[in-house]
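Below is one structure, written out as structure tokens, with a few remarks after it.
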Protein chains: 2
Amino acid sequence: MNRREKSLKINESYHKAINILEKTGIRITSQRKILTKLIFQKGNRHLSAEELFHEVKDMKVNISLATIYNTLRNLSNYGLLREIVVDQNKSIYCTNHMPHYHLYIEDEEKIIDIPNQKIDLSNIPEIPACLSLHDIDIIVRIRTLKDKKIN
Amino acid sequence: MNRREKSLKINESYHKAINILEKTGIRITSQRKILTKLIFQKGNRHLSAEELFHEVKDMKVNISLATIYNTLRNLSNYGLLREIVVDQNKSIYCTNHMPHYHLYIEDEEKIIDIPNQKIDLSNIPEIPACLSLHDIDIIVRIRTLKDKKIN
DNA sequence: TTACATGCAAAGCATTTGCAGATAA
DNA sequence: TTATCTGCAAATGCTTTGCATGTAA
């Protein structure tokens, strides 16, 4: 994919997102436009509210943290982002809307996407029948034990 | 398993836990004994700090919330409990130390254990080589979208 | 025009921490 | 005896909320 194709594709993600937002009926405010552009202009990524806030500041634009949180929540609720609660008081949002799961390395606070064919969940029991109404997230957490584990 | 056998088994879990704690070198204080007994006396379970706090109160014993949090953290760090971060500001601790994963139904705040042979993770890439130093948690989250998802 | 959004500051909430007094070993 | 633990209250840190002002449609 060359630069022009890449840029077209990014534009596409952004417009697609705005399109979806328009269909929901919420207002397409300038803040929501700017944030949506920032979030989707870099291809697949994982970002926190704080990171987005800094990116906004770097652009010399002023958008409050509250608005950033609200927008992230909206985008998640409308299925454009996936919220990953990685820790106490810490969510990360993922723009990859292809089916996939997350590998979270706690010590490095790093997230890696896992294409979903790599995990076979066919045998999981007891998922409610109304599955189509639901989202399923899988997080594989890897961490170093803080103290010595004794068995 | 009859009542006597069950009671023996519970006793066993408790003593095993205390044994492990003794080996770590931390002090076996009365609070830690009481909490360890409460946590392990009911077989496999999932419990929050708040729930444990209430159970302590029901026994007319006084143990501060801070101590409960500290103890839960200790037990987790020593591998006796597994902490599951289910949401912002909300952890649940799991006493089942057999390999298993968690199914979390967000809307009901309900956790179900999944025996680990039900998920095939053999193809997950990029887990660091020093795997033996790590714990792996898998949480399958199921939730209803709060607003209508549009695609 | 007006229902909804924004920005700010204050509140919320589970968890952690500082510190003085208590206690296990 | 003394290093560690407990209990209390205050602090933390991310996130949410209340409310006055602003603005998209």
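On a predicted model such as this, the values are computed, not experimentally measured, just so you know. Just so it is clear: chains get the letters A, B, ... in the order the sequence lines come, proteins before strands, and each one is counted from 1.
Taking 4.0 angstrom as the limit, Thr29(B) places a side-chain polar atom (N or O) nearer than this to OP1 or OP2 of dT6(D). The phosphate of dT16(D) (OP1 or OP2) has no side-chain N or O of Tyr69(A) nearer than 4.0 angstrom. Look at Gln31(A) and you'll find a side-chain N or O under 4.0 angstrom from OP1 or OP2 of dG7(C).
Computed from coordinates, the Ile18(A) CD1 to dA24(D) P distance equals 13 Å when rounded to whole Å. The CD atom of Glu50(A) sits 13 Å away from the P atom of dT16(D) (whole-angstrom rounding). Atoms CD (Gln88(B)) and P (dA11(C)) sit 21 Å apart, rounded to a whole Å. Straight-line distance from the CG atom of Leu47(A) to the P atom of dT15(D): 11 Å, rounded to whole Å. Regarding Arg73(B), its CZ atom lies at a distance of 16 Å from the P atom of dT12(D), rounded to whole Å. The distance between atom CG of Asn74(A) and atom P of dC4(C), rounded to the nearest whole Å, is 13 Å.
When heavy atoms are screened at a 4.0 angstrom cut-off, Ser91(A) is found touching the sugar-phosphate backbone but no base atom. Residue contacts for Asn62(B): at a heavy-atom cut-off of 4.0 Å it reaches the sugar-phosphate backbone alone, with no base atom in range.
By the salt bridge (Lys or Arg N to Asp or Glu O under 4.0 Å) test, Arg27(A) is found to be paired with no residue, residues two or more places apart in sequence or in another chain being considered.
Summary of the strand contacts: Arg27(B) and Asn70(B) both lie near DNA chain C, and taking for each the nucleotide with the nearest heavy atom, the more 5' one is attributed to Asn70(B). The 5' end of DNA chain D is approached more closely, in terms of each residue's nearest nucleotide, by Leu65(B) than by the other of Asn89(A) and Leu65(B).
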